[in-house]
Amino acid sequence: MNKIPLLKALRHDRWVRPFLKKYRWTLTLAIMLGILTFVCAGGLMFTAGYLISKCATMPFNILLVYVPIVLTRAFGIFRPVFHYAERLTSHNWVFKMTSMFRKKLYDSLEKDAVFFNSKYRIGDILGLLSEDVAHIQNLYLRTIFPMLVACGLYLIIVIALGALTPWMGLLMLILFGLIIFGIPVWSILVNGARQEQEKQATNRLYSDLTDNVMGITDWVLSGNSAKYIQRHDVDEKKLLSSQKSMHRFNNLRDFVLQMMILLIVISLVVWGSAHFGGHWGANWIAAFVLCVFPLDEALAGLPAAAQQTNVYTDSLNRLNSLPEPSTAVKKSPQINAPYQINVDNLSFKYSAKSKLIIDNLNLHIKPGEKLAILGRSGAGKSTLASLIRGDLKPTAGKITINNEETDQFGDQIADYIGVVHQSPYLFNTTVLNNIRLGNENATEDDVWDVLKRVGLEQKIRQLPEGLNTKIGEAGLIFSGGERHRLSLARILLKNVPIVILDEPTVGLDPLTEQQVIDTFMNELAGKTLIWITHHLQGIDAMNRVIFLENGKITMSGTPQELWKNNTHYQKLKKADQGL
Amino acid sequence: MIDRLLFTLKGSKQIMIKLVGFYVLQAFLIIGQAISLALLLTNLWSGHSLIHEWTWLATFIACFTGRHIINWLDTILLDNYARKTAQSLRQQLLAKLFKLGPQLVQQQGTGNIVTLTLDGISEVENYINLLFSKFVSMMIIPVMLLIVCFWLDWISGLVMLLVYPLIILFMIILGYAAKAKADRQYASFQVLSNHFIDSLRGIDTLKYFGLSKKYSKSIFRSSERFRKSTMSVIRVAMLSTFALDFFTTLSIAVLAVFLGLRLIDGRLLLFPALGILILAPEYFMPIRNFANDYHATLNGKNSFHAVEKILQEEVPPEPHVDIKQWQANSQLELQNVEFQYEHGSKLAPVNLHLHGFQKVGIVGMSGAGKTTLINLLGGFLQPTAGTIKIQGQSVKTLNIEDWQKQIIYIPQDPYIFDDTLRNNISFYTPDVSQEQVNQAVEIMGLTSLVAELPDGLDTMIGKGHRQLSGGQAQRIALARAFLDHSRRILILDEPTAHLDIETELELKERMIPIMKNHLVLFATHRLHWMKQMDYVVVMKHGQVIEQGTYDQLMAKPGYFTDLVFDRSKEEK
C-alpha cells in the first residue's frame with residue numbers, strides 16, 4: 001500500500017481527513033443515498049426479470065404478481081429520486097467543506113501576510129491554491145464517494161449471495177473485489193510512473209512556453225522564432241507518447257473490467273440454472289442475471305477515479321506543507337503619545353546562514369520627525385521598515401516605541417503605524433469599503449472629508465455611483481497616482497501617529513510624482529514620517545536624510561547640510577533634477 | 001447541439017464515416033447479445049439444462065466480447081484522430097502566435113495564451129473525442145435497437161419510440177430553465193468566487209490595517225453565501241439529469257409491468273418480453289451518455305472557438321521593401337502618422353524626421369503616448385493613417401523583417417529567459433566567442449555578478465532560478481546590444497524608471513558609449529538624459545508638441561522647460 005501515493009499523503013494529513021469527520025451525518029446520508037440509488041437500479045431489473053418470468057407462467061390471479069408489480073414501479077421511481085437526492089447532498093456537503101477549507105487556507109496564509117506577495121509569487125500560488133481546492137472537491141466527489149458507495153454495494157451483494165449459497169458468495173467476493181480494489185490498484189501502480197512523467201513534461205512545457213511567450217518580443221526581433229516552435233514540438237511529442245501509452249493501458253484496463261463483468265454474468269447464469277433451474281417456471285434466474293447490468297455504472301468509473309488520485313496527491317501535499325494557522329492571542333502593550341522610536345544595535349538576517357541585511361544599526365526617531373531613508377535596491381530599506389513595524393524579529397538588538405519592543409504588539413501595531421507601499425491594493429468592492437478599511441466606523445462624511453484632503457473628491461463625485469462605485473479588478477479605473485491617493489485616504493481615516501511610506505511613488509512621471517508627494521507631506525504634517533525612497537525628488541521637505549548601504553548608515557544629515565557638504569549627494573541630486 | 005465548426009476540421013468526414021461503420025457493427029453485436037441472453041434465459045426458464053444451451057451462452061459471450069473489442073477499436077481510432085488534430089491545432093496556434101507577436105500577447109495576456117495553447121487544446125482534444133463518439137452512437141444505436149424492438153413486440157417498440165422525444169423535450173426545457181437561472185446568478189457568482197482571491201491578493205494590506213484576522217470570518221461567510229447560491233443553481237441544473245433518469249427508468253418499469261400483464265393473458269411469449277427488457281436500457285444508454293458528457297464538453301467547445309478565433313485573426317501586412325543596414329546617411333521620416341487604439345485613446349498625427357546615428361529622446365508624462373510612438377517605430381503597432389518614408393521608400397508600417405532585424409529593444413523590464421547567463425547575453429548572437437562574452441560582461445559591469453554566481457556564466461538565471469535585480473537585467477540587455485554589431489537601431493522604453501538613482505547613474509556611464517554609431521530612440525521621463533541626446537521630442541496627451549535640440553528647447557519657455565523647472569522649483 002506504500003506504493004499508492006495518495007494513501008501515503010493521507011497519513012499526516014490536515015486537509016482531507018478532519019473534514020470527513022465534520023458533518024458526519026450528512027456524509028453518511030450521501031453515501032447511503034448513493035447505495036440506495038444502485039440498489040434501486042439493480043432492484044428494478046431484478047423485480048422486472050422476476051415479474052416477467054412469473055407472468056409467463058400465466059398465474060390465474062393477478063394478485064400473485066402484485067408485489068413484484070409494485071416493487072418494479074417503486075424501484076423505477078425511486079432510482080432517479082435517490083440519485084438526485086444523492087447528488088444534491090454530496091455537492092452540498094462538499095461545498096460546505098470548501099467554505100471551511102477556504103477559511104483554513106486563508107488562516108494559514110494570514111500568518112505571514114505581510115510577506116505573502118514576496119514569498120509566494122502571487123500569480124503562481126493563487127492559481128495553484130484555487131486549483132488545489134477544486135482538486136480536493138473532486139477527490140471527494142469523484143473518488144471517495146463512489147468508492148464508498150461501491151464498497152457498500154459490495155457488502156450487500158456478497159452477503160446476499162453468500163446467504164443463499166456460500167461458494168457463490170465467495171466467488172462474488174473475489175470477482176467484485178477484483179473490480180472494486182484489484183483493477184484500480186493495478187491502474188494506479190501501472191500508470192503512476194507515466195502520470196509522473198506526464199506531469200513533469202507538462203510542467204516543463206508550461207514553464208518553457210510561459211518563459212518564451214514573455215520574451216516574445218525578443219524572439220520576434222531576433223527572427224529566430226521558428227527555432228523555438230521546433231523545440232516546443234519536440235518536447236510536446238515526448239508528452240504525447242507517454243499519454244499515448246497511458247491511453248493504451250486504459251483501453252486494455254477497461255476491456256478487462258468488462259470481461260470481469262462478463263464472468264460475473266456467466267457465473268450467475270451457471271449458478272442460477274443450478275440453483276433454481278431444471279424445471280418449468282424457474283423465475284429467479286432472469287432476476288439474478290439481469291440485475292448485474294445496471295451495476296456497470298457504479299463500477300466502470302472506479303479505476304479511472306482511483307488513478308486520478310495521483311494528480312490530487314500533489315495538491316494534498318502542497319496544502320499540508322502550508323504553515324499551521326496560529327491561534328495564540330497576545331496581549332499587546334499600551335502606550336501613549338508622544339511616540340519615540342529607538343533602534344538600538346539592530347542586526348538582522350533572514351536565516352542563520354544568510355548574510356546580514358541590517359548590520360548593528362542605531363537610529364532614534366523623534367515624535368513628529370520626517371525621516372527619509374535612501375539607498376539602492378537590496379540595501380535593506382524595506383527590511384528595516386518591516387522590522388520597525390514588528391513584522392520581523394531582530395536577530396540582535398532591539399527596536400522600541402516608547403520602550404516597548406515593536407514585535408510584541410501583534411496586530412495592534414496597526415493602531416500606531418500605517419504603511420503606504422509601492423502598489424497599494426484596492427479590493428474589488430466599493431470605493432467606500434476600500435477607504436473604510438482605515439476605520440470601519442467612519443461615516444460617509446468622514447470619508448468625503450479624507451477624499452477632499454487627498455484631492456480625489458472631484459473624481460469620485462463624477463463616478464456614476466459615487467462612493468458606491470465598484471472598483472474593478474486591480475482597480476483599473478484609477479491611475480497610479482490616484483491609487484496612492486486612495487491609499488493615503490485610508491491612512492488618514494485610520495489616523496495613526498506614525499506613517500511608513502515604502503517607495504510609494506516609484507514609476508510615476510515626475511510631475512505626477514511631485515503632486516503626490518506634496519499631498520502626502522501636507523496631509524501627514526505633524527505625524528512621524530518614515531519615507532523610503534530611491535531617488536531624491538521632494539527630499540527637501542524632510543528633517544533628516546539617511547543613506548543605507550549594506551545594512552549600515554553611510555550618510556546622515558538634513559537635506560540642506562548634505563547639499564552643502566556632501567559631494568556624492570550633490571551629484572545624485574543634480575542628476576535627479578535633470579540639470 | 002452539435003458544433004458545425006467541428007466539421008471544418010481536416011479529416012472529420014472520413015472519421016465520421018469510419019465511426020458510423022463501427023457503431024453499426026456495435027449495434028448488431030448489442031442486438032446479438034440481447035437476443036442470445038433472452039433465448040438462454042427463456043430456455044433455462046422452461047426447464048432446459050444449461051448443458052443443452054451452451055450454444056446460446058457461447059453466442060452471448062462472443063457478442064459481449066465482440067462489442068467491447070469494437071468499442072476498444074473505435075476508442076483507439078478516435079484517440080489518434082483527436083490527438084493528431086490537437087497537435088496540428090497547437091502547431092498552427094504557435095506559428096500564429098509568433099507571427100502576431102507581442103501585440104497578441106498584450107491583448108490576451110501571457111497567462112491566457114499559455115493556458116489556451118496547452119490546457120485549452122487538451123480540452124479541445126477531449127471535446128473532439130467525446131462529441132464525435134457520443135454523437136454518432138446516439139444517431140445510430142437507438143435507431144437500430146428500436147427496429148429490433150418493433151420486430152419483437154411492436155407495442156413496446158411504440159412506447160419506446162414515443163418516450164424518446166419526450167425525454168429530449170424535457171431536457172431542453174429544464175436545460176433552458178437552468179441556464180436562465182445560472183445566468184441570473186452569474187454576476188453574483190463571479191463576485192463571490194473572486195472574493196477569496198481578492199482577499200488573498202490584498203492580505204498584506206489587511207494586515208497593515210490590523211484587519212486580517214477579522215477577515216477570516218468574512219471569507220467563510222461569503223463562501224457559504226456562494227454555496228447557497230450555487231446549490232440553488234445546481235438544484236435546477238440537475239433536474240435535467242433527473243428528468244432523463246426518471247423517464248428512462250420509469251419507462252423500463254412501465255414496460256416490464258405491461259409486458260407482464262400481457263404475458264398473463266398469454267398474448268405474448270417470454271422470449272420477446274425478455275428481449276425488450278434487456279434492450280430497453282441499451283436503447284436509452286447513448287442519450288444518457290451524451291447528456292452526462294455534455295457539460296464536460298462545454299469548456300472544450302469554448303476553447304475550440306477561442307483557438308479558431310486567433311487562427312482566423314489577420315496577420316498585419318508586411319511591406320515587401322528592401323531595407324539595407326542603417327548607415328550614417330540613412331533617413332526615416334514619419335508623415336502625419338496616426339494611431340488609434342480600440343478603446344479610444346489615440347496618437348495625433350506625428351511628423352518626425354530622423355537620420356543617421358542620431359540620439360533621439362522622447363519625453364512626456366505617463367500616458368502622453370511615448371510608448372505608442374516607440375511601438376510604431378519598432379513596427380510592433382501599425383499606424384492607422386499616414387506614411388512612413390524609410391531609406392527613400394514609402395511604406396504604411398514598419399512591420400518589416402529587415403527593419404526589425406536591425407533593432408535592439410530595451411524595455412523597462414528586459415526579459416530574462418529561463419536559461420544560463422551566457423545564453424541570455426548571447427540571445428541575439430548565439431555564435432559569439434568566449435572572449436567576446438567576457439568583454440561584454442566586463443564592459444557592462446556584470447563581472448561581480450558572474451563572480452557571485454556558483455557556475456559563473458553557466459549558471460541558470462531567470463524566473464525559476466536566481467532572481468536578478470532591475471539593474472542587472474538592464475546590464476544583460478545592454479550586453480546583448482553590445483555584442484550585436486549588425487543591429488544599429490537602439491530603442492529604449494523607460495529603461496531606468498524603476499531603478500534607484502545611483503544604479504541609474506552607473507548604468508548611464510555604460511550606456512552612453514554604446515549609443516555611438518546607433519540610431520537611438522529613447523523614451524523616458526527622467527530628464528537628465530536629455531542633455532546627452534541630439535534631438536528631443538516632447539509629447540503631451542498623445543501629441544508631439546515640441547521638438548528640437550536640447551538647447552533649442554531650453555532656450556524658449558514651453559512645455560519642456562515646464563517639465564524641467566516645474567519639478568525643481570521647490571528645491572530652488
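Heavy atoms of B:Arg67 lying under 4.5 Å from chain A are absent altogether. Proximity to chain A involves both the backbone and the side chain of B:Ile69, based on heavy atoms less than 4.5 angstrom apart. The parts of A:Gln258 that come within reach of chain B are both its backbone and its side chain, each placing non-hydrogen atoms under 4.5 angstrom from that chain. Looking at A:Phe293, only its side chain comes within 4.5 Å of chain B, counting heavy atoms on both sides. Proximity to chain A involves both the backbone and the side chain of B:Leu94, based on heavy atoms less than 4.5 angstrom apart. Heavy atoms closer than 4.5 Å to chain A are found in the side chain of B:Val105, but not in its backbone. For A:Thr57, the parts lying near chain B are the backbone and the side chain together; criterion is any non-hydrogen pair under 4.5 Å. With a 4.5 angstrom heavy-atom cutoff, A:Glu440 touches chain B only via side-chain atoms. For B:Glu504, no part lies near chain A; criterion is any non-hydrogen pair under 4.5 Å. With a threshold of 4.5 angstrom between heavy atoms, B:Ser49 does not approach chain A through any atom at all. Both the backbone and the side chain of B:Arg235 come within contact range of chain A, judged by heavy atoms closer than 4.5 Å. With a 4.5 Å cut-off on non-hydrogen atoms, B:Leu268 does not touch chain A at all. B:Leu259 touches chain A through its side chain: at least one heavy atom from C-beta onward sits under 4.5 Å away, while N, CA, C and O do not. Heavy atoms closer than 4.5 Å to chain A are found in the side chain of B:Leu41, but not in its backbone.
Under the rule for a salt bridge (Lys or Arg N to Asp or Glu O under 4.0 Å), the partners of A:Asp415 that lie at least two apart in sequence or sit in another chain are A:Lys494. Residues satisfying the side-chain contact (heavy atoms from CB on, under 4.5 Å) test with B:Val114, not counting sequence neighbours, are A:Tyr206, A:Leu209, A:Thr210, A:Val213, B:Thr110, B:Leu118.
Side chains of B:Asp500 and A:His535 form no contact here, defined as non-hydrogen atoms less than 4.5 Å apart. Using a 4.5 Å heavy-atom threshold, the side chains of A:Arg87 and B:Phe242 count as separate. In this structure the side chain of A:Val220 reaches within 4.5 angstrom of the side chain of B:Gln404, judged on heavy atoms. Considering only heavy atoms from C-beta on, B:Tyr208 stays 4.5 Å or farther from A:Val420 through its side chain.
Of the listed residues B:Leu244, B:Leu57, B:Ile61, the one with more heavy-atom pairs under 4.5 angstrom with chain A than any other is B:Ile61. Interface check for chain A: of the options B:Glu224, B:Arg262, B:Lys217, the most heavy-atom pairs under 4.5 Å are formed by B:Glu224. Interface summary for chain B: among A:Asn439, A:Leu252, A:Thr202, the most heavy-atom pairs under 4.5 angstrom belong to A:Leu252. Options B:Ala95, B:Gly47, B:Ala256 differ in how many heavy-atom pairs under 4.5 Å they form with chain A, and the most are formed by B:Gly47. Here A:Ala282 is the residue among A:Ala286, A:Ala282, A:Ala274, A:Gly375 with the most heavy-atom pairs under 4.5 Å with chain B. The residue among A:Met45, A:Lys54, A:Arg248 with the most heavy atom pairs within less than 4.5 Å of chain B is A:Met45. Of the residues considered (A:Pro59, A:Ala74, A:Pro80), A:Pro80 shows the highest number of contacts with chain B, using heavy-atom pairs under 4.5 Å. Of the listed residues (B:Lys405, B:His48, B:Gln87, B:Glu53), the one with the most heavy-atom contacts under 4.5 Å to chain A is B:Gln87. Interface summary for chain A: among B:Leu250, B:Thr65, B:Ile407, B:Ile113, the most heavy-atom pairs under 4.5 angstrom belong to B:Thr65.
Looking only at atom types and distance, the side chain of A:His232 has no donor-acceptor partner in the side chain of B:Arg90 under 3.5 Å away. With 3.5 Å as the limit, one finds no donor-acceptor pair spanning the side chains of B:Thr249 and A:Arg79. Judged purely by distance below 3.5 Å, without hydrogens or angles, the side chains of B:Tyr409 and A:Asp218 never pair a donor atom with an acceptor atom. Donor-acceptor pairing under 3.5 Å is recorded for the side chains of A:Asp211 and B:Tyr415. Under 3.5 Å, the side chains of A:Glu513 and B:His525 contain no donor-acceptor pair of N or O atoms. Side-chain polar atoms of A:Asn251 and B:Thr75 form no donor-acceptor pair below 3.5 angstrom.
Ring orientation note: the planes of A:Tyr228 and B:Phe98 are tilted relative to one another, at an angle of 30° to 60°. Ring geometry for A:Phe255 against B:Trp72 counts as tilted: the plane angle lies between 30° and 60°, on a 0 to 90° scale.
Of the charged side-chain nitrogens involved, none lies within less than 4.0 Å of a carboxylate oxygen, so that B:Asp79 and A:Lys244 do not count as a salt-bridged pair.
Nearest heavy atoms, B:Ser212 versus A:Glu110: OG-OE2, 2.5 Å. The minimum heavy-atom distance between A:Leu290 and B:Leu277, with the atom names listed, is CD1-CD2, 3.6 Å. For the pair A:His83 and B:Asp245, the tightest heavy-atom approach, listed with the atom from each and the gap, is CD2-OD2, 2.8 Å. Residues A:Lys103 and B:Ser216 share a closest heavy-atom pair of NZ-OG, 3.3 Å.
Separation of the B:Phe427 and A:Trp219 ring centroids falls under the 6.0 Å cut-off.
The side-chain contact (heavy atoms from CB on, under 4.5 Å) with B:Phe209 is formed by just one residue from the set A:Ile491, A:Asp411, A:Val419; it is A:Ile491.
Around CZ of A:Phe78, the count of heavy atoms belonging to other residues, nucleotides or ligands within 6.0 Å does not exceed 12. Within a 6.0 Å radius of CZ in B:Arg288, other residues, nucleotides and ligands contribute more than 12 heavy atoms.
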